[in-house]
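Letters go in sequence order (proteins before strands), and every chain restarts at 1.
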Amino acid sequence: MSWAIEVNNLNVWYGDKHILKDVTFKVPKNIIFAIMGPSGCGKSTLLRAMNRLLDLNPYARVEGQVKINGIDVYSDNIDITWVRRQFGMVFQIPNPFPHLSIYENVALGPKVNGLVKDKSELDRLVKRALEQAYLWDEVKNDLKKPASMLSGGQQQRLCIARALALKPKIILMDEPTANLDPVASSKIEELMLELKEEYTIIIVTHNPQQAARISDYVAFLYMGELIEIGETSMVFTRPKHELTEKYVVGRMG
Amino acid sequence: MNKRKIIEKLMLGVISTLAVISAIPIFAIMFNVYAEGLKHVNLSFLIDLPPPPVGDRVGGIGPALVGTFTLVSLAMVIGGAIGFFTGLYLSEFSHTKLSQYTQMFLQIMVEFPTIIIGLFAYTILVAPIKRFNALAGGFALSIVIIPYIALNVREAYKSIPYTLKEAAFSLGVSAPVAYLRILLSTARRGVLTALLIGMAKVAGETAPLLFTILGTTFTYFGGLDQPINAIPLLIYNFALSPYERWHQVAWGAAAVLLTIILLIFIVSRLIVKEVKL
Amino acid sequence: MSSGKIFYNTLTFLVFISLFIVIAVVISLSVTSYPIFLRDGLFFISKSVWNPVKEEYGILPALLGTLITSTLAVGLATPLAISLAVFSAEIVPPRFRALINNISDLMASLPSVIYGLWGLFILAPILNEYIMIPLHRYLGFIPLFSTKPVPTNLFTASVLLAIMIVPFASSIIREAYSAIPYYLKEAAYSIGLTRWEVIKIAIGYVKSAIFAGLFLALGRAMGETVAVAMVVGNIFNLPKSLFDMGYTIPSLIANQFPNAEAYNYMVPALYGGALMLFLIGLVINFFGLYLIKKVMIKS
């Protein structure tokens, strides 16, 4: 079986603080992989360690391996921009570039990375990404309008389209529904189930119900340590670890 | 009405009066400058050479206008670039010792008396070649705006939400593309305002030019290694001269300079407004 | 090398240039002025003499002129700057607030040569006619007003400086004042205080910012060159009254430097003056910045 991503003995420190401790797991392709845990457990850090967004934090130090297609993203001489292009990332707060139009938000990534030859190819790519994100019908007449005019849920789907336009292999989602209302949230969840046909999705959530609803595999992270990992149905019905059990029934954090 | 109410009314009146008094000079200055200056300003005033101190020839401020344009361009290219990139570094790599020291030094330097910078430019670029020159003036003005632009560009980049920075880098772009293409356009209002206000500042600076450019009166532009004039320096020299005719030219030049400053100021305010939408 | 690395190195290089320039300015001041301190020691600042022919330089009058004009300017500006800030943040109806602030900011960005021109031809004669001559006539027995006034002197320079620094100091105060948490004012009103009493409390709350603004303004006033040079009189003698014509260090440099190269020690003397100005300004600005930091931490 080939894996979408393999994480081996990953350790992360912020200064002296040990944030992630010897985390090891593998993610199969074309599934939704949820990382759940109480806030502060290191799950957002884990996500950012995968696409090396952690490099932006000058105080972060990483040891261990993260492999995509057998290539360690932390090996010497690797092109960090290439690493990041293998992932599309969606953030906790919908963060479209507020001064850019809806079209430009999606087109920016392919444009600056030189992924398209001409305007018509770009147009097609933008349209396809917006369609995949279930947003095209709602915005097709407003492509020139600023992204800031969209609702929160629409903005988040725009961010998903922005990530998809890069044609990534893996989509990283950092609590993508934490700031949305229930209706907008369920739309995003629906969309994720659709997207896993083509992509591998790794989602971070502090909401065990969400992990149970949408994920195929789930990992439970607690205070920087990977406590348990397995098929979602198994983890939620027959957790191996006491901490996991406490967490999934809602008696913790 | 009790005593406290009377005191309240009284003190609010005093504050308002003092506030109005402190705003009177700006209106007086604008009124006087335009009343005394505008009557001399026309197209030939902007183009011609300055008049001789006595006689009927009206003359103009052509060389000074060319000079100010040259010097401001030099300052924006040299000082604007160094200041911009310094500010970017101060914001994005603020954890380094270099960043912390530089920021402290620049904060001190932004309040430096600019005449000191004039002396410095004289030592570096005038004394060695024994000739006043445009480059020395441009250099001095660059030093004047480096700290100003750096500190304001730093603010502009600092004001970008961290999540947008993450979004930019998650697109898999290199640092120059992220900072100079994607995030610069996010911070463009702050950066543009910094550059514009910096421009207004150097357009009106006189002290750094006193010992650097000499202030020619009879040539427009002879090269960057030659003396040159500037509007503020011309106003200073002509106002302190004993000739009535030159005083008039100084007022006319002041009207031109004030207009330039006002235009830059208004544009910078419109930019800020545009953001708030 | 990756483009990220090249980019970072370029940035670092340009930052070093910025840092280097600041240090180079200080070094150039020190090195060039060194001979005068070596020859005269502290007499250079405690003597009052400017005799290029005999190569005698003592900048006490200019030093005093700088201190007198800048402190008097700050004294005059203080009530105005505070009032302008309070007026804009508290009293004026909100829809006029932006207008007031824009006017104030515009004033702060006017070139000093325009202030100088206006000060020389408009302000100086008015001050002379309506303030200085009456003060001298009726209060001339007070040493401060004892000199028979001429339009350009230390007093005129002080007033012009005050006008120039009001908007600058006021904008610093205004920023701190607007940042006062609303609940504090609510609390004050809720116990039945009048508006003026609330303003008094608020002013006390932003005391540090007021001092910061005034200190930074003092630094600016000391370093101001052309506006002062145009109205201060430019006469080298020890001031005995506010109505004496005088010099400040920047105006002394502005006037004397053009012929300084003809003498052996005048260049070091003027650089020495600049160094003194720099050091005094450094202390003042450090203090001002320290106060601002304190305000920012508080809010």
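- Both the backbone and the side chain of Ala168(B) come within contact range of chain A, each with at least one heavy atom under 4.5 Å from a heavy atom of that chain.
- Per-residue heavy-atom pair counts under 4.5 Å with chain A were compared for Thr186(B), Ile160(B), Leu183(B), and the maximum is reached by Thr186(B).
- The part of Arg48(A) that comes within reach of chain B is its side chain, from C-beta onward, which places non-hydrogen atoms under 4.5 angstrom from that chain.
- Counting heavy-atom pairs closer than 4.5 Å to chain B, the top-ranked of the candidates Asp55(A), Leu100(A), Leu108(A) is Leu108(A).
- No donor-acceptor contact under 3.5 angstrom links the side chains of Gln132(A) and Glu194(A), judged on distance only.
- With 3.5 Å as the limit, one finds a donor-acceptor pair spanning the side chains of Ser44(A) and Asp174(A).
- Only the side chain of Tyr162(B) comes within less than 4.5 Å of a heavy atom in chain A; its backbone stays farther off.
- Residues Arg157(A) and Glu138(A) are paired through a salt bridge, judged by an N-O separation under 4.0 Å between the basic side chain and the carboxylate.
- At a cut-off of 3.5 Å, with distance as the only test, no side-chain donor of Thr205(A) or Glu175(A) sits close to an acceptor on the other residue.
- Of all the listed residues (Val177(B), Leu164(B), Thr96(B)), the one sharing the greatest number of non-hydrogen pairs under 4.5 Å with chain A is Leu164(B).
- Of the listed residues Trp82(A), Phe87(A), Phe91(A), the one with more heavy-atom pairs under 4.5 angstrom with chain B than any other is Phe91(A).
- In terms of heavy-atom pairs under 4.5 angstrom with chain B, the leader among Gln86(A), Arg52(A), Arg162(A), Gln92(A) is Arg162(A).
- Neither side chain, Tyr89(B) nor Ser94(B), offers a donor N or O lying under 3.5 Å from an acceptor on the other.
- For a residue to count as touching a neighbouring chain, one of its non-hydrogen atoms must lie under 4.5 Å from one of that chain's; by this rule Pro96(A) touches chain B with the backbone only.
- Contacts of Val173(B) with chain A are made by both backbone and side-chain atoms, with heavy-atom separations under 4.5 Å.
- Side-chain contact of Thr163(B) with Glu166(B): a donor-acceptor pair under 3.5 Å is absent, judged by distance alone.
- Heavy-atom neighbours of Lys167(A) NZ from other residues, nucleotides or ligands within 6.0 Å: at or below the threshold of 12.
- Looking at Glu205(B) and Thr114(B), their side chains do bring a donor and an acceptor atom within 3.5 Å of each other.
- Only the side chain of Leu166(A) comes within contact range of chain B, with heavy atoms under 4.5 Å apart.
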